[in-house]
A.B. asks: 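I have a structure here, written as structure tokens, and I will follow up with some questions on it.
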Amino acid sequence: MADSRKSSPKVAVITGASSGIGAATAQMLAAQGYAVWLGARRLDRLQEVAKSCDGRALVLDVTDSASVAAFAGQLPAGVDVLVNNAGGALGLESIAAMDEAHWLEMFQSNVLGLARVTRALYPRLLAAPSGVGHVVNIGSVAGHETYPGGGGYTACKHAVRALTETMRLEWLGQPLRVTEIDPGLADTEFSLVRFAGDAGRAAQVYAGMTPLTATDIADAILWAVTRPAHVNIDEIIIKPRDQARVDKVFRRP
Ligand SMILES: NC(=O)c1ccc[n+]([C@@H]2O[C@H](COP(=O)([O-])OP(=O)(O)OC[C@H]3O[C@@H](n4cnc5c(N)ncnc54)[C@H](OP(=O)(O)O)[C@@H]3O)[C@@H](O)[C@H]2O)c1
């Protein structure tokens, strides 16, 4: 009898797929034959992305346990790949001028949200049609370095690294893989969100340098998830050639 697991498309779930890295990942995985299930808060934007890759758009707020449960409940019983991508930075205040609302929101989405979604999908990942589930956490170079004004965001992304490593320890011996992808400067809506819609300030982040694109990151995610099942890519740090450290960027006049 034919093994039906081999013939059915692999299932990928991507959080924060309404823009940037999540949208590019959805499109790239779909182009490789994955059935893609997308989550984000802005359903109109998400539906546009879903249309472009024959995916399914489901509203998701990772800061809300009920929303995560409702999202998970609509997914197929088996999930091969979960890309925990939803998140971002808010503000650039020093610790002495900490904006509590910003910090709470960042920890809610980047850290707790990632853990919530992983917990909700864990049984589905264990039932991956391919036989091995794969969690890809989107961290950042901010999980390896710090910078003035980045206290809240860098603390969140350092926490993501701790969660990634903990998953790998807790799941040792189970049919699960865990990868973290840590981008440097990538031109998405990240800075626009960080600076509350101030397009001029967001543009300054990438002024005079060539940033990564969302597709560059999606490409790394695709590579990690398409390695043979016995291989676990632990971590990939990707920076633009114009960036040596998080705050050390070469800018042309
Ligand atoms: N761009 C960079 O330079 C860079 C560098 C390193 C790491 N990263 C990380 O890469 C990831 C993706 O960011 P991006 O650069 O692609 O920025 P982006 O274009 O702003 O995308 C962020 C995505 O996260 C979603 N999101 C935010 N809060 C959410 C929530 N509570 N529930 C569900 N979805 C939520 C947004 O969708 P909705 O608003 O529709 O919910 C959006 O789809 C983030 O984790 C970010 O920290 C980015």
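Order of listing sets the numbers, starting from 1, for every ligand and every atom in it.
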A.B. asks: Can you sort out which atoms of ligand 1 are near Leu185, meaning under 4.0 Å from one of its heavy atoms?
C.D. replies: 3 (O)
A.B. asks: Please determine whether any non-hydrogen atom of Cys156 lies less than 4.0 Å from an atom of ligand 1.
C.D. replies: no
A.B. asks: Are Arg177 and Arg227 close enough, and set up right, to give a side chain to side chain contact (heavy atoms under 4.5 Å, CB included), and what steps lead you there?
C.D. replies: CA-CA 11 Å; Arg177 303 197 276 182; Arg227 294 313 85 209; 4.0 Å; yes
A.B. asks: Please confirm whether the backbone N or O of Leu185 pairs with a side-chain atom of Gln243, one donor and one acceptor, at under 3.5 Å?
C.D. replies: yes
A.B. asks: I need the nearest protein heavy-atom contact for atom 34 (N) of ligand 1: residue, atom name and distance, please.
C.D. replies: Ala86 CB, 3.5 Å
A.B. asks: Below 3.5 Å, N or O to N or O, backbone or side chain included: is there any such pair between Lys157 and ligand 1?
C.D. replies: yes
A.B. asks: Between Glu180 and Thr164, is there a donor-acceptor pair closer than 3.5 Å when you use the side chain of the first and the backbone of the second?
C.D. replies: no
A.B. asks: Could you give me the CA-CA distance, side-chain angles and deciding distance for His102 and Arg194, then say whether side chain to side chain contact (heavy atoms under 4.5 Å, CB included) is met?
C.D. replies: CA-CA 10 Å; His102 280 169; Arg194 173 169 232 169; over 6 Å; no
A.B. asks: Nearest to atom 19 (O) of ligand 1, what protein heavy atom do you find, and at what distance?
C.D. replies: Ser19 OG, 2.8 Å
A.B. asks: Among all protein heavy atoms, pick the one closest to atom 31 (N) of ligand 1 and tell me residue, atom and distance.
C.D. replies: Asp61 OD1, 3.0 Å
A.B. asks: If you measure from atom 7 (C) of ligand 1 to every heavy atom of Ser18, Gly139, Ala186, Ser67, which option wins on shortest distance?
C.D. replies: Gly139
A.B. asks: List the steps, then state whether side chain to side chain contact (heavy atoms under 4.5 Å, CB included) holds for His144 with Glu235.
C.D. replies: CA-CA 11 Å; His144 298 263; Glu235 181 178 87; 3.5 Å; yes
A.B. asks: State the atoms of ligand 1, each with its element, that fall below the 4.0 Å cut-off from a heavy-atom position in Thr63.
C.D. replies: 31 (N)
A.B. asks: Report yes or no: does a heavy atom of Ala214 sit under 4.0 Å from some atom of ligand 1?
C.D. replies: no
A.B. asks: Could you tell me whether Ser109 and ligand 1 have an N or O pair separated by under 3.5 Å?
C.D. replies: no
A.B. asks: If you take the nearest heavy atom of each of Tyr206, Tyr153, Phe71, which one is closest to atom 47 (O) of ligand 1?
C.D. replies: Tyr153
A.B. asks: Is the closest N or O pair between Glu105 and ligand 1 shorter than 3.5 Å?
C.D. replies: no
A.B. asks: Among all the protein's non-hydrogen atoms, which is closest to atom 5 (C) of ligand 1, and how far away is it?
C.D. replies: Gly184 O, 3.2 Å
A.B. asks: Judging by distance only, is a nitrogen or oxygen of Gly16 under 3.5 angstrom from one on ligand 1?
C.D. replies: yes
A.B. asks: Looking only at protein heavy atoms, which one is nearest to atom 44 (C) of ligand 1, and how far off is it?
C.D. replies: Asn85 O, 3.3 Å
A.B. asks: Any atoms of ligand 1 less than 4.0 Å from a non-hydrogen atom of Pro183? List them with their elements.
C.D. replies: 5 (C), 6 (C), 7 (C)
A.B. asks: Please check: side-chain N/O of Thr188 versus main-chain N/O of Ile21, any donor-acceptor pairing under 3.5 Å?
C.D. replies: no
A.B. asks: Taking atom CG as the centre, does Asp54 end up with more than 12 heavy-atom neighbours from other residues, nucleotides or ligands that are less than 6.0 angstrom away?
C.D. replies: no
A.B. asks: Has ligand 1 got any nitrogen or oxygen that is less than 3.5 angstrom from a nitrogen or oxygen of Asp187?
C.D. replies: no
A.B. asks: Would you mind running through ligand 1 and noting each atom that sits below 4.0 Å from a heavy atom of Ala17?
C.D. replies: 43 (O)
A.B. asks: Can you pull out the closest protein heavy atom to atom 27 (C) of ligand 1? Residue, atom name and distance to 0.1 Å, please.
C.D. replies: Arg41 NH2, 3.3 Å
A.B. asks: Check each of Val117, Thr15, Leu60 against atom 33 (C) of ligand 1 and report the one with the nearest heavy atom.
C.D. replies: Leu60
A.B. asks: For Phe71 and Val62: C-alpha separation, side-chain torsions, deciding distance, then whether side chain to side chain contact (heavy atoms under 4.5 Å, CB included) applies.
C.D. replies: CA-CA 9 Å; Phe71 174 77; Val62 300; over 6 Å; no
A.B. asks: Testing the 3.5 Å rule here: is there a donor-acceptor pair between the side chains of Ser191 and Arg201?
C.D. replies: no
A.B. asks: Could you list which atoms of ligand 1 come closer than 4.0 Å to a heavy atom of Gly20?
C.D. replies: 16 (O), 19 (O)
A.B. asks: Under 3.5 Å, is there a donor-acceptor pair between the side chain of Gln32 and the main chain of Met28?
C.D. replies: no
A.B. asks: If you have a sec, work out which protein heavy atom is nearest atom 22 (C) of ligand 1 and how many Å separate them, to one decimal?
C.D. replies: Gly87 O, 3.7 Å
A.B. asks: Looking only at protein heavy atoms, which one is nearest to atom 16 (O) of ligand 1, and what is the separation?
C.D. replies: Ile21 N, 2.8 Å
A.B. asks: Is the backbone of Thr210 close enough, under 3.5 Å, to the side chain of Asp242 for a donor and an acceptor to pair up by distance?
C.D. replies: yes
A.B. asks: Tell me the nearest of Ile138, Asp44, Val62 to atom 32 (N) of ligand 1, using heavy-atom distances.
C.D. replies: Val62
A.B. asks: Between Lys239 and Asp182 (side chain of the first, backbone of the second, donor and acceptor by atom type, cut-off under 3.5 Å), is there such a pair?
C.D. replies: no
A.B. asks: Given 3.5 Å as the limit, does a donor-acceptor pair link the side chain of Asp187 with the main chain of Thr213, or not?
C.D. replies: no
A.B. asks: Of all residues at least two apart in sequence or in a different chain, which pass the side-chain contact (heavy atoms from CB on, under 4.5 Å) check with Thr154?
C.D. replies: Ala142, Thr146, Tyr147, His158
